[in-house]
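As structure tokens, the structure follows; a few thoughts come after it.
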Amino acid sequence: MKRTISLVICILLSVVSSYAGDKVSFSFLRGETSLSYVVDWSNMTINGLGKSDWIERRNAEQPDYDAEKEYESELLPRINDFVAKANAEMENVNLFLSAKAGHKYTVYLYPQNIKSNGDNTIECAIKETATGKTMVEFVVNGRGGTFGSMSNLWGDGMRSSGKKFGKFICKHLGYDPSIKDKIDDVFSRVGIK
């Protein structure tokens, strides 16, 4: 029996240590105060459709709307909601995203899919600006809303992604979250904003 328990403990320790070895390091960001950011919309789909297919379908469903204008002036600017929420979170570690180029590191945001309710997936990469070397890659998934216009729901989803992005950065820079942050995390896990 002792032998079996010892074997189980050894297996568990090896599994845990193998996951610990895959941890992402954000130590290169220590001492930085701002990061440039770039958004690449080229691979984004809306409800699983590419831009032109979505515009065609949206115009057929809602002929009174100008789907091209909706895409350009209501969806794309919602990245500002992402950035504002990410910056609010990263304020805890004195770091923020800037649209200005020229910072030592650049965050590349690759929106992959966004649904009508605002649920979204955004691939993120932090690269050294001068060399283009990828320092770290990760994905954030935002939860959209339930009520409101599609534009408002997209904004809800982008704010959710931005919050998760900011918390992820803070956590990996060693920020010890407050009680409020821990409560927000529990609410987020059960789907409450």
Pairwise side-chain contact, S151 with R78, heavy-atom cut-off 4.5 Å (strictly under): yes
Taking all non-hydrogen atoms of both residues, which atom of S36 and which atom of G102 are closest, and how far apart? OG-N, 3.6 Å
Distance only, no hydrogens: is a donor on one side chain within 3.5 Å (strictly under) of an acceptor on the other, for S25 and S27? yes
So does D119 pair up with R143, basic N to acidic O under 4.0 Å? no
Closest approach of A125 to E137 (non-hydrogen atoms, all atoms of both residues): CB-CG, 3.9 Å
Hey, any chance Y37 and F138 share a hydrophobic cluster, counting ILVMFWY side chains that come within less than 4.5 Å of each other, even indirectly? yes
Grouping I, L, V, M, F, W and Y whenever their side-chain heavy atoms are under 4.5 Å apart, do L153 and Y71 come out in a common cluster? no
Check whether D40 reaches the backbone of Y110 with its side chain - one donor and one acceptor, N or O, closer than 3.5 Å. no
May I have the step-by-step check of side-chain contact (heavy atoms from CB on, under 4.5 Å) for Y175 and I169, ending in yes or no? CA-CA 9 Å; Y175 171 68; I169 297 286; over 6 Å; no
Please tell me if the side chains of F168 and H172 come closer than 4.5 Å, counting only heavy atoms from C-beta onward. yes
Flag the pair M158 / I79 as yes when at least one side-chain heavy-atom distance between them is below 4.5 Å, and no otherwise. yes
Between L35 and L29, is there a side-chain heavy-atom distance shorter than 4.5 Å? yes
Is it the case that over 12 heavy atoms from other parts of the model lie below 6.0 angstrom from the CD atom of E56? no
Just so I know, are the side chains of V139 and I122 near enough to count as touching, which here means a heavy-atom distance under 4.5 Å? no
Distance in Å, L97 CG paired with F82 CZ, rounded so as to fall on 0.5 Å steps: 7.0 Å
Check this for me: K115, atom NZ, are more than 12 non-hydrogen atoms of other residues, nucleotides or ligands nearer than 6.0 Å? no
Between the side chains of N141 and T121, is a donor N or O closer than 3.5 angstrom to an acceptor N or O? yes
Supply the atom-to-atom distance E123 CD to N113 CG, rounded to the nearest 0.5 angstrom. 11.5 Å
Separation between OG1 of T45 and CG of N43, rounded to the nearest 0.5 Å: 9.0 Å
Would a single hydrophobic cluster contain both Y105 and V38, if residues Ile, Leu, Val, Met, Phe, Trp and Tyr are joined by side-chain heavy-atom contacts under 4.5 Å? no
Reported CG-to-CD distance for the pair L76 and E74, which is rounded to 0.5 angstrom: 10.5 Å
Test item: L49 and R57 side chains (from C-beta on) under 4.5 Å apart, heavy atoms: yes
Roughly how far, to the nearest 0.5 Å, is the NE2 atom of H103 from the OG1 atom of T129? 8.5 Å
Taking a hydrophobic cluster as the set of Ile, Leu, Val, Met, Phe, Trp and Tyr residues connected by side-chain heavy atoms closer than 4.5 Å, whether directly or through intermediates, do F96 and F28 fall within one such cluster? no
Measuring only between side-chain heavy atoms, which start at C-beta, is W154 closer than 4.5 Å to D81? no
Has N80 got a side-chain atom pairing as donor or acceptor with P77's backbone, closer than 3.5 angstrom? yes
Donor-acceptor contact present, side-chain T134 to main-chain V136, <3.5 Å: no
For E70 and L75, what are the C-alpha separation, side-chain angles and deciding distance, and is it a side-chain contact (heavy atoms from CB on, under 4.5 Å)? CA-CA 7 Å; E70 185 177 31; L75 173 59; over 6 Å; no
I want to check a possible cation-pi pair here: R58 against Y65, using under 6.0 Å from ring centre and within 45° of the ring axis as the test. yes
Does CD in E128 sit with more than 12 non-hydrogen atoms of other residues, nucleotides or ligands closer than 6.0 Å? yes
Would W41 and I55 show up in the same hydrophobic cluster when neighbours are defined by side-chain heavy atoms closer than 4.5 Å? yes
Look at the side chain of S161 and the backbone N and O of G142, then say whether any donor-acceptor pair between them is shorter than 3.5 Å. yes
So do the side chains of K167 and M90 get within less than 4.5 Å of each other, counting heavy atoms only? no
Does one side chain, of T33 or N94, offer a donor that lies under 3.5 Å from an acceptor on the other? no
So, S98 and S34: side-chain donor and acceptor under 3.5 Å apart, yes or no? no
Between E72 and K51 (salt bridge meaning N to carboxylate O under 4.0 Å), is one present in this structure? yes
Roughly how far, to the nearest 0.5 Å, is the OG1 atom of T146 from the CG atom of N117? 7.5 Å
